[in-house]
Amino acid sequence: QVQLVESGGGLVQAGGSLQLSCVVSGRTSSIYHVGWIRQAPGKEREFVGRITWSGGITYYANSVKGRFTISRDNAENTVNLQMNSLKPEDTAVYYCAAGPYSSDVLKYDYWGQGTQVTVSS
């Protein structure tokens, strides 16, 4: 089993920055990807980005490319999502998720509880 706990959400003005963190624990040897996924009210879950657990290779959705950066600290078993130039449309609950390799960017075996990000205009 893998456990994920997100933190760092909050309220920020448009154009501002916020960093989310995801602490990963448990059977981390089973993890290939750690992803960030968000869900706005009344909308489908949306892929934000992901990183390979061992190699640190990142991949981003076009909607956040150039504004968001995912990094990992393997010593602390933490994956961070740095969000810059935030827009009101970035408002959502952000989830950290992990799992074995999958070509489906929304498919993960383990999910965190989510953290709310609200961007005011």
Side-chain angles (χ1 to χ4, degrees):
Q1 282 282 44
V2 173
Q3 295 80 39
L4 306 116
V5 179
E6 304 99 333
S7 62
L11 173 65
V12 63
Q13 286 191 329
S17 298
L18 209 57
Q19 183 178 68
L20 307 184
S21 293
C22 175
V23 177
V24 185
S25 61
R27 195 163 159 262
T28 58
S29 60
S30 68
I31 297 172
Y32 188 88
H33 282 123
V34 175
W36 286 97
I37 295 90
R38 66 188 182 186
Q39 187 166 23
K43 294 191 174 182
E44 299 281 323
R45 280 184 176 176
E46 178 189 11
F47 170 73
V48 174
R50 67 181 182 180
I51 187 168
T52 58
W53 182 247
S54 59
I57 299 170
T58 54
Y59 174 66
Y60 299 96
N62 287 337
S63 58
V64 306
K65 202 175 291 183
R67 300 189 298 123
F68 290 11
T69 302
I70 298 174
S71 61
R72 92 254 191 258
D73 182 341
N74 281 1
E76 298 291 330
N77 276 4
T78 300
V79 174
N80 297 313
L81 175 65
Q82 176 66 41
M83 304 184 292
N84 299 329
S85 302
L86 283 161
K87 304 174 182 179
E89 51 264 43
D90 294 318
T91 295
V93 176
Y94 283 70
Y95 297 91
C96 172
Y101 175 81
S102 174
S103 58
D104 184 345
V105 295
L106 290 175
K107 182 175 170 58
Y108 301 91
D109 289 353
Y110 307 102
W111 291 77
Q113 81 285 358
T115 186
Q116 176 70 46
V117 171
T118 303
V119 184
S120 63
S121 56

Out of curiosity, [X] [atom1] to [Y] [atom2], how far, rounded to the nearest 0.5 Å?
{"X": "I70", "Y": "I57", "atom1": "CD1", "atom2": "CD1", "result": "13.0 Å"}
{"X": "L106", "Y": "E44", "atom1": "CG", "atom2": "CD", "result": "9.5 Å"}
{"X": "L11", "Y": "Q13", "atom1": "CG", "atom2": "CD", "result": "8.0 Å"}
{"X": "D73", "Y": "S21", "atom1": "CG", "atom2": "OG", "result": "10.0 Å"}
{"X": "Y32", "Y": "S102", "atom1": "OH", "atom2": "OG", "result": "11.5 Å"}
{"X": "E46", "Y": "S63", "atom1": "CD", "atom2": "OG", "result": "4.5 Å"}

Validation row: [X], [Y] side chains within 4.5 angstrom (heavy atoms):
{"X": "T78", "Y": "R72", "value": "no"}
{"X": "S17", "Y": "R67", "value": "no"}
{"X": "N77", "Y": "T28", "value": "yes"}
{"X": "V23", "Y": "L4", "value": "no"}
{"X": "H33", "Y": "T52", "value": "yes"}

Same cluster for [X] and [Y] if Ile/Leu/Val/Met/Phe/Trp/Tyr side chains link at under 4.5 Å?
{"X": "Y94", "Y": "V119", "value": "yes"}
{"X": "W36", "Y": "V24", "value": "yes"}
{"X": "L81", "Y": "I51", "value": "yes"}
{"X": "V2", "Y": "I37", "value": "no"}

query = Does a donor on one side chain sit under 3.5 Å from an acceptor on the other, for Q82 and N80?
reply =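 Q82 vs N80: no donor-acceptor pair found between side chains.
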
query = Can you name the residues that form a salt bridge (charged side-chain N to carboxylate O under 4.0 Å, His left out) with E89, not counting sequence neighbours?
reply =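 Scan of E89 (salt bridge (charged side-chain N to carboxylate O under 4.0 Å, His left out), adjacent residues dropped) gives none.
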
ask   = Who pairs with R45 by salt bridge (charged side-chain N to carboxylate O under 4.0 Å, His left out), at least two apart in sequence or on another chain?
value =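 For R45 there are no salt bridge (charged side-chain N to carboxylate O under 4.0 Å, His left out) partners, ignoring immediate neighbours.
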
Side chains of residues 108-118: which donor-acceptor partners sit under 3.5 Å, not counting sequence neighbours?
unit_1	atom_1	unit_2	atom_2	d
Y108	OH	V105	O	2.9
W111	NE1	Y108	O	3.2
Q113	NE2	E6	O	3.2
Q113	NE2	E6	OE1	3.4
T115	OG1	G9	N	3.2
Q116	NE2	A92	O	3.4
Q116	NE2	T118	OG1	3.3

task = Output the rest of the hydrophobic cluster of V5: all Ile, Leu, Val, Met, Phe, Trp and Tyr residues reachable through side-chain heavy-atom contacts under 4.5 Å, sorted by chain and number.
result =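 Direct or chained contacts put V5 with none.
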
request  = Test S71 against V79 for side-chain contact (heavy atoms from CB on, under 4.5 Å), laying out the working first.
outcome  = CA-CA 6 Å; S71 61; V79 174; over 6 Å; no

query = What's the shortest heavy-atom distance between G8 and L18, and which atoms?
reply =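 Looks like O-CG, 3.6 Å.
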
query = Partners of Q3 by side chain to side chain donor-acceptor pair (under 3.5 Å), sequence neighbours excluded?
reply =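 Testing Q3 for side chain to side chain donor-acceptor pair (under 3.5 Å), a comparison that skips the adjacent residues, returns S25.
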
request  = May I have all residue pairs that pass ring-ring contact (aromatic ring centres under 6.0 Å, His included) and include part of residues 48-91, sequence neighbours excluded?
outcome  =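 Listed once each, the pairs are F47-Y59.
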
